[in-house]
Amino acid sequence: MSSLLLARNGRRAISFIGVGRRGTGALPGVHPAPRRFIIDMSYSAHFMDFKGSSIPSSMKKLVVTKLSPNFKEAVCVQTVAVPTPGDAELLIRNRFVGINASDINYSAGRYDPSVKPPFDAGFEGIGEVVGLGLSASSRYTIGDTVAYFGSGAFAEYTVVAAKEVVPVPVVKPEFLTLLVSGATAYIALKRLGDLAKGETVLVTAAAGGTGQFAVQFAKEAGCHVIGTCSSNEKAGFLKSIGCDRPINYTAEDLAKTLRKEYPQGIDVVYESVGGSVLELSVNSLANKGRLIVIGFISGYQTASGIPPFKGGTLPVKLLQKSASIRGFFLPHFFSDYRDALSSMMQMFAKGKLVCEVDCGDLAQEGRFIGLESVFRAVDYLYAGKNLGKVVVEVAPPSVSNSKL
Ligand SMILES: NC(=O)c1ccc[n+]([C@@H]2O[C@H](COP(=O)([O-])OP(=O)(O)OC[C@H]3O[C@@H](n4cnc5c(N)ncnc54)[C@H](OP(=O)(O)O)[C@@H]3O)[C@@H](O)[C@H]2O)c1
C-alpha cells in the first residue's frame, strides 16, 4: 500500500497517469482554454489571480496531530500561510471536499505507518485554480475548474501537482462523487466482478458514497441487484436508481431474507461492512460466487480497525462452492482510472448515472458549510445517516469566476 502513497513534504501524492489535459485528450465536456497565460508564481510569496481578487495570506486547514480513529481527537483546525505552488503545481481554492469512510483510517495512521503526525487530512476536492507555477501554466490557467484525489484536501486552499488533477467543466459536487467512490465501484466490478447478465449481485452499504455506484453499474451489466441499507428512505432511493431488492436491515432480517428469497445464492458481493456482514455474505455465495472486499467499515472505529471475522472454515466454504474472495484497493488500479472517469462523466452528462450528494441539508445542525463542518460530516457518515456521497461545501462560489 505504502509504495503507492508517496510522502512528500508531509503530504501524500497520488499520481494519475494521463488524467490531465495532455496525453489522450480532455475528458468529455471539458474544452481546453483557447489561451494560455504564463504566470510564474513558483518563486513568489504573494500573488493575485489575474481577475484581481486577492488570495488571503492565511487560511484554515485540518491537520492530523495525533494518530487516532477518533477523528475529533486526531485532527485539529490550524491557521497557516496559504501555500505557494511550485513550478509544476497548481494552487486550488477548494469549493467542495469529499468525506470518505477511510478519513478515520488515515487519521489513525493506517495508510502508511511510516508517516508520523503532523500531516494534512482529506483525500479529494474540487474548486478553481487560483495560482500556478511556470510549467503548470502550459496546461492550466487561472480560473480553470479542476478536481483531484490527493492528500491535504481538507483545507481552504491546496497545492496539487498539475499532472494529478482532473479538469471538470464546472465545479459541481456531483463530479466529486466520481473521483474515489464512483471509480472504486466502476473499476472493482469491471476488473474483479466478472459480471454476467442475469447474475445476482449483493451490494452492502448500498445507499452510500460508493454503494450507489455499485448498484447502478451492476444493473447496467444486466444483473439482479440487492442492496442493504438502514432506513426506508434509503430503500426508496435504492429503488429509484434501479435496485431490484433494497433490504432495510433495521426492519427485516438480512440473513433470513437472503435465505428465503435467494436459495440459489448470490453470484457477486460488493462488500463494504465486514465482520458479521462479511460472514453472512460468504455463507450466501452461490457456486462460483465472487466476493469483493471493498472495505470493513464496522471495524474502522476500533483500535485495530479490523472487525472480528470467524474465518476458520473459510477454505472449506470456498472450495465447496468454487467461490473466491478478492480484495480491491483503488490505488492499485490507476491504469484503469482515466477510462473509468471518462466513461462515468459521459454517463453523467447523458443523464445515465445518478451521483447522489449529501451535503447534510437534513442534518440536525444543518448543511455542512465551512471547513469545521468536516467533523460533523464524518460523524454523520458513521451514524449511517448519509444518503449518497457526503460532501462539505468549503467556500461559497467565487463572484469573480463565471464558471462557478
Ligand atoms: N477499497 C477501496 O479502494 C475503497 C475506496 C472507497 C471506499 N471504500 C470503502 O467503501 C465503504 C464505504 O465507504 P464510503 O466512503 O463510500 O462511505 P458511505 O458508504 O458513504 O458511508 C458509509 C455507510 O456505511 C454504513 N455504516 C456506517 N458506519 C457503519 C458501521 N459502524 N457499521 C456498519 N455500517 C456502517 C452506513 O450505511 P447504512 O446505515 O445504510 O448501512 C453508511 O451510510 C467503506 O468500507 C470504505 O472503506 C473502499
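Both ligands and their constituent atoms are indexed starting at 1 by order of listing.
In summary, the side chains of Tyr111 and Ser102 do present a donor paired with an acceptor at a separation below 3.5 Å, with no hydrogens or angles considered.
Considering backbone and side-chain atoms together, Ala101 places an N or O closer than 3.5 Å to an N or O of ligand 1. Every N/O-N/O distance between Gly208 and ligand 1 stays at or above 3.5 Å. Close N/O approach between Lys385 and ligand 1 is not found [any backbone or side-chain N/O within under 3.5 Å].
Considering only non-hydrogen protein atoms, atom 43 (O) of ligand 1 sits nearest to Asn386 OD1, 2.6 Å. Closest to atom 7 (C) of ligand 1 among all protein heavy atoms lies Thr210 CG2, 4.4 Å. Scanning all protein heavy atoms for the shortest distance to atom 3 (O) of ligand 1 gives Leu330 N, 2.8 Å. Ranking the protein heavy atoms by distance from atom 23 (C) of ligand 1 puts Ala205 CB, 4.0 Å first. For atom 33 (C) of ligand 1, the nearest protein heavy atom (residue, atom name, distance) is Val273 CG1, 3.7 Å. Among all protein heavy atoms, the one lying closest to atom 45 (O) of ligand 1 is Ser272 O, 2.9 Å. When only non-hydrogen protein atoms are considered, atom 29 (C) of ligand 1 lies nearest to Ile297 CG2, 4.0 Å. Here the heavy atom of the protein found nearest to atom 41 (O) of ligand 1 is Tyr249 OH, 2.7 Å.
Shortest non-hydrogen contact noted between Ser137 and Leu132 is CA-CD1, 3.4 Å.
Contacts of Lys234 with ligand 1, taken as heavy-atom pairs under 4.0 Å, involve the side chain alone. Here Val180 has side-chain heavy atoms under 4.0 Å from ligand 1, and that is the only part of it that gets that close. If you look at Thr184 next to ligand 1, the close heavy atoms, those under 4.0 Å, all belong to the side chain.
Classification of the Phe149-Tyr337 ring pair by plane angle, with boundaries at 30° and 60°, yields tilted.
Of all atoms in ligand 1, numbered sequentially from 1 with element shown, those under 4.0 Å from a heavy atom of Phe296 are 45 (O). Every atom of ligand 1 with a heavy atom of Gly209 under 4.0 Å away is listed here by number and element: 16 (O), 18 (P), 19 (O), 20 (O). Numbered from 1 in the order shown, with element, the atoms of ligand 1 that lie under 4.0 Å from a heavy atom of Gly295 read 45 (O). Close approach of ligand 1 to Cys229 is summarised as follows: ligand atoms under 4.0 Å from at least one heavy atom of the residue are 40 (O). For ligand 1, the atoms closer than 4.0 angstrom to any heavy atom of Gly384 are 36 (C), 39 (O), 42 (C), 43 (O). Every atom of ligand 1 is numbered from 1 in the order shown, and the set under 4.0 Å from a heavy atom of Ser230 is 38 (P), 39 (O), 40 (O).
Using a 4.0 angstrom heavy-atom cutoff, Val390 does not count as in contact with ligand 1.
Residue Ser298 holds the heavy atom nearest to atom 32 (N) of ligand 1 of all those in Gly227, Pro307, Ser298. In this structure, of Tyr382, Phe123, Phe333, the residue bringing a heavy atom nearest to atom 28 (N) of ligand 1 is Tyr382. With distances taken over non-hydrogen atoms, the option nearest atom 8 (N) of ligand 1 out of Ile187, Asp103, Ile294 is Ile294.
Between Lys72 and Asp379, at least one side-chain nitrogen of the basic residue sits less than 4.0 Å from a carboxylate oxygen of the acidic one, meeting the salt-bridge criterion. The pair Asp244-Lys219 counts as a salt bridge, with a side-chain nitrogen and a carboxylate oxygen less than 4.0 angstrom apart. Ionic pairing of Lys190 and Asp336 is not present here: no N-O contact between side-chain nitrogen and carboxylate oxygen is shorter than 4.0 angstrom.
Atom CG of Leu202 sits about 12.5 Å away from atom OH of Tyr270, to the nearest 0.5 Å. Atom OG of residue Ser272 and atom CZ of residue Phe328 lie 11.0 Å apart, to the nearest 0.5 angstrom.
Checking side-chain atoms of Thr145 against main-chain N and O of Val168 turns up a donor-acceptor pair under 3.5 Å. Using modelled atom types, no side-chain atom of Glu156 and backbone atom of Ala395 make a donor-acceptor pair closer than 3.5 Å.
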Mind listing the side-chain donor-acceptor pairs of residues 169-176 below 3.5 Å, one per line with the distance, residues two or more places apart or on another chain?
none

Only pairs under 3.5 Å count here: list side-chain donor-acceptor contacts from residues 178-186, not counting sequence neighbours, and write none if there are none.
from   : atom 1 : to     : atom 2 : distance (Å)
Ser181 : OG     : Lys389 : NZ     : 3.0
Thr184 : OG1    : Val180 : O      : 2.6
Tyr186 : OH     : Ser343 : OG     : 3.1

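Aromatic ring centres of Phe296 and Tyr300 lie closer together than 6.0 Å.
If you run side-chain contact (heavy atoms from CB on, under 4.5 Å) between Glu124 and each of Val97, Asn100, Val391, only Asn100 comes through.
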